[in-house]
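See below for the structure under consideration.
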Protein chains: 4
Amino acid sequence: MTAMTMLLALLAVQADAKPRARDLGVPFDGTPGPLNAITDVGGVQVGHTTLISGEAVRTGVTVVLPQGKGNKNQVFAAWFTLNADGEMTGTTWIEESGILEGPVAITNTHSVGTVHQAVIEWSVRNVEGLNWSLPVVAETWDGGLNDINGFHVKPEHVFQAIETASAGPVEEGSVGGGTGMRAYQFKAGIGTSSRLVKTEHGDFTVGVLVQANYGVRSQLRIAGVPVGREITDLMPERRSPGDRLDGDGSIIIVIATDAPVLPHQLKRIAKRASLGLGRNGSIATNGSGDIFLAFSTAHKDIGTEEGGLYDLKMLGNSELTPLFGATVEATEEAVVNALVAAETMTGREGYTVHALPHERLREILRRYNRLVE
Amino acid sequence: MTAMTMLLALLAVQADAKPRARDLGVPFDGTPGPLNAITDVGGVQVGHTTLISGEAVRTGVTVVLPQGKGNKNQVFAAWFTLNADGEMTGTTWIEESGILEGPVAITNTHSVGTVHQAVIEWSVRNVEGLNWSLPVVAETWDGGLNDINGFHVKPEHVFQAIETASAGPVEEGSVGGGTGMRAYQFKAGIGTSSRLVKTEHGDFTVGVLVQANYGVRSQLRIAGVPVGREITDLMPERRSPGDRLDGDGSIIIVIATDAPVLPHQLKRIAKRASLGLGRNGSIATNGSGDIFLAFSTAHKDIGTEEGGLYDLKMLGNSELTPLFGATVEATEEAVVNALVAAETMTGREGYTVHALPHERLREILRRYNRLVE
Amino acid sequence: MTAMTMLLALLAVQADAKPRARDLGVPFDGTPGPLNAITDVGGVQVGHTTLISGEAVRTGVTVVLPQGKGNKNQVFAAWFTLNADGEMTGTTWIEESGILEGPVAITNTHSVGTVHQAVIEWSVRNVEGLNWSLPVVAETWDGGLNDINGFHVKPEHVFQAIETASAGPVEEGSVGGGTGMRAYQFKAGIGTSSRLVKTEHGDFTVGVLVQANYGVRSQLRIAGVPVGREITDLMPERRSPGDRLDGDGSIIIVIATDAPVLPHQLKRIAKRASLGLGRNGSIATNGSGDIFLAFSTAHKDIGTEEGGLYDLKMLGNSELTPLFGATVEATEEAVVNALVAAETMTGREGYTVHALPHERLREILRRYNRLVE
Amino acid sequence: MTAMTMLLALLAVQADAKPRARDLGVPFDGTPGPLNAITDVGGVQVGHTTLISGEAVRTGVTVVLPQGKGNKNQVFAAWFTLNADGEMTGTTWIEESGILEGPVAITNTHSVGTVHQAVIEWSVRNVEGLNWSLPVVAETWDGGLNDINGFHVKPEHVFQAIETASAGPVEEGSVGGGTGMRAYQFKAGIGTSSRLVKTEHGDFTVGVLVQANYGVRSQLRIAGVPVGREITDLMPERRSPGDRLDGDGSIIIVIATDAPVLPHQLKRIAKRASLGLGRNGSIATNGSGDIFLAFSTAHKDIGTEEGGLYDLKMLGNSELTPLFGATVEATEEAVVNALVAAETMTGREGYTVHALPHERLREILRRYNRLVE
C-alpha cells in the first residue's frame, strides 16, 4: 500500500463513519481498490444532494462524473437492461454512438424531468461549445417513504450535486438519489465497491456504484447465505396509497473502468452486473427497473458528433474475462454495502423501513461458516 | 365513401386550409383513409401547442393519445431507431413490457425534461389509480430558428396540448413540436398520412405522424424524383451560434394501427418507417435522431404492471406484409406533407428557413413525368 | 400426487439410476414438477444419441421437441445470449417472428452443419407441407475429450435422436450433445429441472434443460456454498492440442413453459437463466457461448409464415414474476444436476475429466450448514 | 485514373461481358471505385461456384474473403437485419465480439448445413492454430428454379469457391449462391457496387455485394422510376410445389470498407443498407430474410478469443455520414446490377423466370427523364 492509497483509505474512514460489509465480516471474492469505491477509477467523481425534511421528504439526487468537473466527460460507454421497468434517458444515443457525454444523474422516478432539464441548464452554462445535450438521468421509485408527487427535487439540487462532486470516499446508504430507497424490504440506497485487475497489459480498476431499491426478502442471499430466509421479521408494513407491488423496485448500476475497452466490450461488461445480482438472489421481478451503464475513462474527448481520426488502445477479448469477474464481484459487494450502510428510516405517513441488523447478519454468517473473523 | 367519412373529409378541409402533397399532384402508392391522417385510426387523438412570439420563440409540443382522453391509453407498442442521435424517453420499458401507457409527447431537445415532468403531473391528477409513470417524450432540435436555451415550453403548454387533443384532421407544418423544425433544408415540422389495408380478416388502418427535422437538400427525392438536386437555391443561411452540423437533425415517427398485432410484430412495423425515409432519399446522417414508435389500439387496458389473463387476437405473420407496405407508404407521404404544409419562417437572429415552393415542385414533377394532373 | 404423477416419478427412478442433486441433499428453492425435468411441461419430448467409441469419440446430439413428434412444433419463442461465443442457428428468425418451428438440436461445435442439414432432411420428409426450414441447432465445444475434427455426428444420429425422443424422465450427464462436456472443470453435460408455479389464473410449469460446458473451478457455488474453492484437486490436466482457454466453454439452456406468454415475455424469461447461472457463480467468460432459448407450448400451430387471425391468451405482466423465479431456480438446479449425473470420463489422448465427488460435496454442504439430511 | 486502376477496369470488362446498370444509362449518386465492386476494397476476394446441370440444378455458393486467402481474415464486423426470415450463422458471436473470423459464404437455404461444415473443414486444414470455428453462412431460397431438396451443394463446391476467390472484377447475375435467385419477380442473383469517399482524414472505399432474391414486381423502383408498374408482363408463372408466397424471398448484403471504424460504427453502416433497399421500393415482406453484414479491413489479426493490447484508429462519428451515404448508394446500385446482369432462366419443372428487359428499361427511364445518354 503506498502512502497515497493509505491516505485515501484513511480519508474514507473519516468521511464515512458508516460500517461497510467487509467491516462486518462478509466475505467477497477479488481485491478491492484502496477506497473500495467507484472513485478508485481515476477521475471519477461522485456527488450527492440528500433531501430529508418534515415527515415526507426523503429523496435526492446522485451524480457520477466520468472524468470530473472541468472535463467534457466524453467517454466510451454502453448499457444493458436486465429488466426495464424504469428509465435511463440518453441511452438511445449511447447505444448508437458508443459514447456518454456529461454527468450521469440518478434520482426518483418522478423527478427525472426536473433533473434532465437541470443537467441541460448546467451543461449549457458550463461546457464550452455545447449547443445540445441528451442527458443521462436514471431513477428508482421512492414513493413509499417519500412524497414522490410533491416533486421535491429542484434544479438547484442537481447543480449542487454536480458542483460538490468529488473523488475520494463515497457516502453510502440513505444519501443522494438513494435517500428513500429500500432493497429486499430492508432500507437501502447507494452502495459502491471496486476491484483491481492485473493483466499482462497493465493493471486496471473496475468500480461500481448502485442505487439499490429492489427485491423480495426471501430471495436475499449474502455471500451465498440465505439471509433473507433467516430474517423474516423487520418487514416494512404494507401500505396501500402510493405503494407498488411489494418487492418490486429497481436497481441502477453504474460501472466505471480505466481499462481501454471499446463500446461493444463495455456492453459485455454491463451485462455482467446481472450475475452479481444473481449471486445476491435477485430474480428481477416484473416491476423492477434493473438498468446498467458501463463506461471507460481510458479515452477522453471523443464527442458523439465530433469528426477526426483517433488513436485508440483496445484490450483483446480474452483479457476481458478478469474485468467480467471484477464487475460481478463489485456489483455483489456494492449491493450489500448499500444494505449495510442504510439506517432505519421513517417517512411518509409514518411508514418505516428497517435497516439490515448488523449483529444478526454476523450471527447468521457465522452459523453458515461464512463469517470472516 | 360513407356519409361519416365524407363529413370527416370535409372537416379536414375546413380545419386545415394548408395544401397537402396530394393536392399539389404528388403521386403516392396505396389508399389513404378519409382524413389521410394518424387520426384515421379510431380513438387516436392529436393535440398541438404552438409557441410563436417575439423574434426567437418558435417551438411547441405535440401529443398523440393512443386511445383518447378518458382512457388509460395502455396499448401494445414497440420502437425502433434508425439512427439514434436523439431522445425518446420511456422506450426502455416499452421494449421490455411491450406496452405504452399514456400520451406520446414530442417537443424540442431541451424541453424534454419539462415535458416529461408535466406528463407525470397530468397523469397523477387525471389517471385513476396511477402511482408512477415513465412518460414517452421525444424531441428534435429547433435551435436554429428557436431560442432553445430559453426553455420556453412550460408545463401548462403540455397540459393544453393534451386537453385540446382531438380526433379529426391534424394540422401540419409549423405547429406543435414541429414549429421550428426543418427538413432537407426546407421548412418542415409535423406531417401525417394514413393507409387502408384490406385483408381476409378485416380491414385495418395504419396512420403515421412525423415531426420532420432532418436531411440534406441534395438527397431529397419526392415520388422518386430528385427534387433536391433541382432546387439548389432557397437554402438556409449557415449560422454559427447554436447551430449543429448542416443537414443533421432528426425525425420522430409515430405509427398507429387498429390491426391486432403483438409487440414483436409492432417492432417489425416500426422498422418499416426506415424504408419510407429511404424512398425520400434519407441516408440517416450521424447527427440525426430517427426514432420510431408503433402502437396498436386493438387491445385496451393492458397495463405494464397489471396481472390477469387476457384474451387477445393476433394476425398471422403473412398478414403483416400489407401493413408493412402501408407503413412505408404513409411514412413517405407524411414527410412530404410536412414539407408542403410548412411556410417560410424567420426566427432567432433573423435566421430564415424557406418553404418548399409548391409551383416549382409541380413543375419538376411534370418534367419527370410524375405529376398527377 | 396423482397416480399419474407417481407413475411418472417411478419411471424416472427406473429409467435413470444416476443420482440427482436433491438425492445428495443439495437444497434448492421452489417446487419441482413430478419428474423435475423439462418434460414436466406437457408435450415436450427429449431424445439423445450418445456416441462413445474407441479412444476419442465422446460426443452426440440431443433434441428437444416442443410439442412432440407428429406435431408441427410451431410455438412462441424467444432467445437471449449472456455471452455469445457460440452458435444457435435459427435465432434470427425467432427474434423477428416470435416463433420456433421444429426441433431444437444441441451438439458439438463442429457438427452444427451436419445436424442442421439433417434436421432439414428430416423435416422435409416428415412435416407435411414444409418447403423450407431454418433449423435451430446449438453447440458447445467438446474438443478436449472428443475428436471434434473427426466429425463423428452423422445425419442418422440426428434422425435417431428425433425418432426416439420421448416424454418422461430425461437422462442426464454424459449423454447426447452433453457426452463430452465439462463444467467448472468437472465432468458435466446434460442436466434438467422444473418448477411448478401456482397463480390465480392457473398452475403452470417451467422446465429447463442445459448442456453445461462452462466455468472455472474457483467460481463454482452450489446452494451458495463455495464448493469450487473447497475442491481444488481433481482438475483436468491442461492439454495443448485442440484445447481452448482453460475454463472457457459454453452453456446452452432451453426453457419450456406451458404458461400462455407472448414472445416478448418469453425473452424476459430467457434472460432470467442468467440469474440462475449467477447463483452458481458464473462470470460468463469471454470464450463462453451462453445462449438461452425459451418457448411456450400454450399455443399451437402458429407458423412463422402463416396468415390467419388467432385467438390467444396472455398472462398479464405482473404474473410473470413467479415464472421468472421458477426459471432462475430451475436453471440453478439443472446445472448442478448435470454435474452430479456425469461420471469421470477419459477420452482423446487419454485426457481425463473428473466427476464431482458426491460424498465430498455432501461433506462440504454439511460444513456450511446447507446439507438437507 | 492510374495505370493500375485502368488495368483493373479493363480486366473487369474482359472478365465479365455482362452489361451493368450504368452501361444501360441508369443514373446513380456518388462516385464508384475502379471496378465498381466490393473488391475495390483492398484485399477483399470473391469466389463463386455455380451449379447448373440437368433440368433442376440451379444453385451454388459465393464466398467473400475479407482479407484474402493466406490471411486469418479476422476483422471488425457487425450485422443488422431488416427482416429476418432467413439465416446468417455466426452472427451471435459477431454481435458480441465485434469480430468476423474467416470467409463469409452465401448459398441456398437448405445447403447452409453443408456449407457450414465445409467451411469448418477448410479452416481446420488451412488456418494455422485454429481449433474451433463458428462460420458465417447466409442463404436465400432458390426452391423455385432449383431442386433445393436435392442438396446439390457439396463440400468440394465450397472449397472450390474459396480456393478460386480473387480480387478483381466480380461476376454478377446467375452465378454462385445467386444462380437460382430472383428479385422483384425478375431473374436476379449476385450484384455488386462500390463508392469512393473523400474525407479530411483520408480517402476510403465502401463496397457492397448482394445476393438478391426478394420483392414484388409492383414495388420495383429504379433510379426513383416506378419500373415495376411499367413492366407488368414477364411475370414468373406461379407454381405450387415448393414455392413460397409470391414475392417473398430474401436479400443478403455484405458491406466492406477500408475505413477505420469500430464494431458499433459498422452496425450503423450495416443498417444503412435498408435505405438503399428503400430507394428501390422494398417494403421488406414478412417472408424476406434481409440480413446485412458489414466489416472493416482497416485492422488485421484481431481474433475473437485473442488477448493483447491493440493500437487502433477510429474515425470520429461525424465522419461516418459520407460512409453512410456511400452504403446507401452502393446498395441501391448493387441490386440493380444483379437485375441487369441476370439472364432469363428455366429450371425445375420448366419453371421460367425472365430477365429484366434492357431496352424496355432504357425506354422507361427516358420517358421519366432519368436516362443517362
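Chain letters run A, B, ... following the sequence lines, proteins first and then strands; every chain starts at 1. Since the structure is predicted, the reported quantities are computational estimates derived from the model, not experimental observations.
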Open item on the list: Determine whether a donor-acceptor pair (N or O, by modelled atom type, separation under 3.5 Å) exists between the side chain of C/Arg348 and the backbone of C/Gly143.
Closed with: yes
TODO: Mind ranking C/Ile291, C/Val112, C/Val119 by heavy-atom pairs under 4.5 Å with chain D and telling me who comes out on top?
DONE: C/Val112
Task: Interface moiety of C/Thr92 toward chain D, non-hydrogen atoms closer than 4.5 Å - done: both
Open item on the list: Would the distance check show the side chain of C/Asn213 and the main-chain N or O of C/Trp141 forming a donor-acceptor pair, the cut-off being under 3.5 Å?
Closed with: yes
Task: Contact leader toward chain D among C/Thr91, C/Ile148, C/Asn83, C/Thr81, where contacts are heavy-atom pairs under 4.5 Å - done: C/Asn83
- [ ] Measure up the D/Phe292 and D/Phe80 rings against each other and bin them: parallel (under 30°), tilted (30 to 60°), perpendicular (over 60°).
- [x] tilted
Open item on the list: Whether D/Glu128 and D/Lys72 form a salt bridge (side-chain N of Lys/Arg under 4.0 Å from carboxylate O of Asp/Glu) is what I want to check.
Closed with: no
Open item on the list: Which atoms of C/Ile99 are under 4.5 Å from chain D, going by heavy atoms: the side chain, the backbone, both sets, or neither?
Closed with: neither
Open item on the list: Using a 4.5 angstrom heavy-atom cutoff, name the option from D/Glu121, D/Glu139, D/Glu96, D/His116 with the most pairs to chain C.
Closed with: D/Glu96
- [ ] Please flag which part of D/Asn149 lies under 4.5 Å from any non-hydrogen atom of chain C: side chain, backbone, both or neither.
- [x] side chain
TODO: Please look at D/Ile94 and chain C and tell me whether the side chain, the backbone, both or neither of the residue comes under 4.5 angstrom of a heavy atom of that chain.
DONE: neither
Task: Pair C/His299 and C/Tyr310, ring centroids less than 6.0 Å apart - done: no
Task: Exam field: side chain C/Asn146 to backbone C/Asp142, donor-acceptor pair closer than 3.5 Å - done: no
